[in-house]
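The basis for the numbers below is simple: all heavy atoms, side chains too, and nothing from hydrogens, waters or symmetry mates.
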Amino acid sequence: MPDPRARLMQEVADEMDQIEADFGDDYQIGRVITLVEVIRPGGDVNLRVRAGQLPWVTLGMLRFAEKVLESQISGSQ
């Protein structure tokens with residue numbers, strides 16, 4: 001099993017690669033939300049959410065993300 005820190009860092013690096021592929025060099029990173037499933041030995045599962053903005057901004061971003069994912073799902077069927 002890979003080191004958890006290395007796994008998370010690789011996920012972030014992969015996301016940056018995709019952002020650069022989609023937007024080139026002409027962009028800024030705005031607000032960021034991380035959502036991580038943490039699995040412990042014995043099967044305990046926790047969900048970690050970290051957001052550096054006001055809670056209602058975070059909720060708005062998460063609701064928007066939900067709509068984007070729903071659109072992607074319905075568009076791929």
Side-chain angles (χ1 to χ4, degrees):
M1 179 173 280
D3 173 53
R5 182 177 295 261
R7 168 84 194 279
L8 185 55
M9 290 172 57
Q10 185 60 53
E11 289 290 336
V12 172
D14 291 346
E15 183 61 30
M16 279 306 308
D17 289 344
Q18 287 299 309
I19 290 169
E20 290 169 350
D22 289 345
F23 299 102
D25 293 328
D26 191 21
Y27 66 89
Q28 293 181 350
I29 299 296
R31 295 179 167 104
V32 174
I33 298 172
T34 59
L35 179 64
V36 180
E37 179 187 40
V38 179
I39 304 168
R40 308 246 352 221
D44 290 339
V45 177
N46 292 280
L47 195 60
R48 298 285 305 211
V49 179
R50 181 181 171 103
Q53 59 266 347
L54 297 169
W56 49 88
V57 174
T58 302
L59 286 172
M61 290 176 69
L62 289 171
R63 288 182 181 134
F64 180 79
E66 180 181 29
K67 297 297 182 191
V68 168
L69 290 172
E70 288 171 349
S71 173
Q72 291 173 354
I73 290 167
S74 66
S76 67
Q77 294 178 356

ILVMFWY cluster, [X] and [Y] together (side-chain gap under 4.5 Å):
{"X": "Leu8", "Y": "Val38", "answer": "yes"}
{"X": "Trp56", "Y": "Met61", "answer": "yes"}
{"X": "Leu62", "Y": "Val57", "answer": "yes"}
{"X": "Phe23", "Y": "Met16", "answer": "yes"}

Counting only heavy atoms not in Tyr27 (residues, nucleotides, ligands), do more than 12 fall under 6.0 Å from its OH?
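Count over threshold, so yes.
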
Taking all non-hydrogen atoms of both residues into account, name the closest pair between Ser74 and Ser71 and its distance.
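The answer is OG-O, 3.1 Å.
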
Give, for atom CG of Leu35 and atom OG1 of Thr58, the distance between the pair rounded to the nearest 0.5 Å.
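Leu35 CG to Thr58 OG1: 11.5 Å, rounded to 0.5 Å.
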
Look up atom CZ in Arg31 and atom CD1 in Ile33, then write down how far apart they are to the nearest 0.5 Å.
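CD1 of Ile33 is found 9.5 Å from CZ of Arg31.
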
Selection residues 14-27 - residue pairs positive for salt bridge (charged side-chain N to carboxylate O under 4.0 Å, His left out), sequence neighbours left out:
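Non-adjacent pairs meeting salt bridge (charged side-chain N to carboxylate O under 4.0 Å, His left out): zero.
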
side-chain contact (heavy atoms from CB on, under 4.5 Å) partners of Arg7, counting only residues at least two apart:
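Here the qualifying residues are Glu11.
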
Note, Ile19 side chain near Ile29 side chain (heavy atom, < 4.5 Å):
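Side-chain contact under 4.5 Å: yes.
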
Answer whether the closest heavy-atom distance between the side chains of Val12 and Gln10 falls below 4.5 Å.
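They are not in side-chain contact.
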
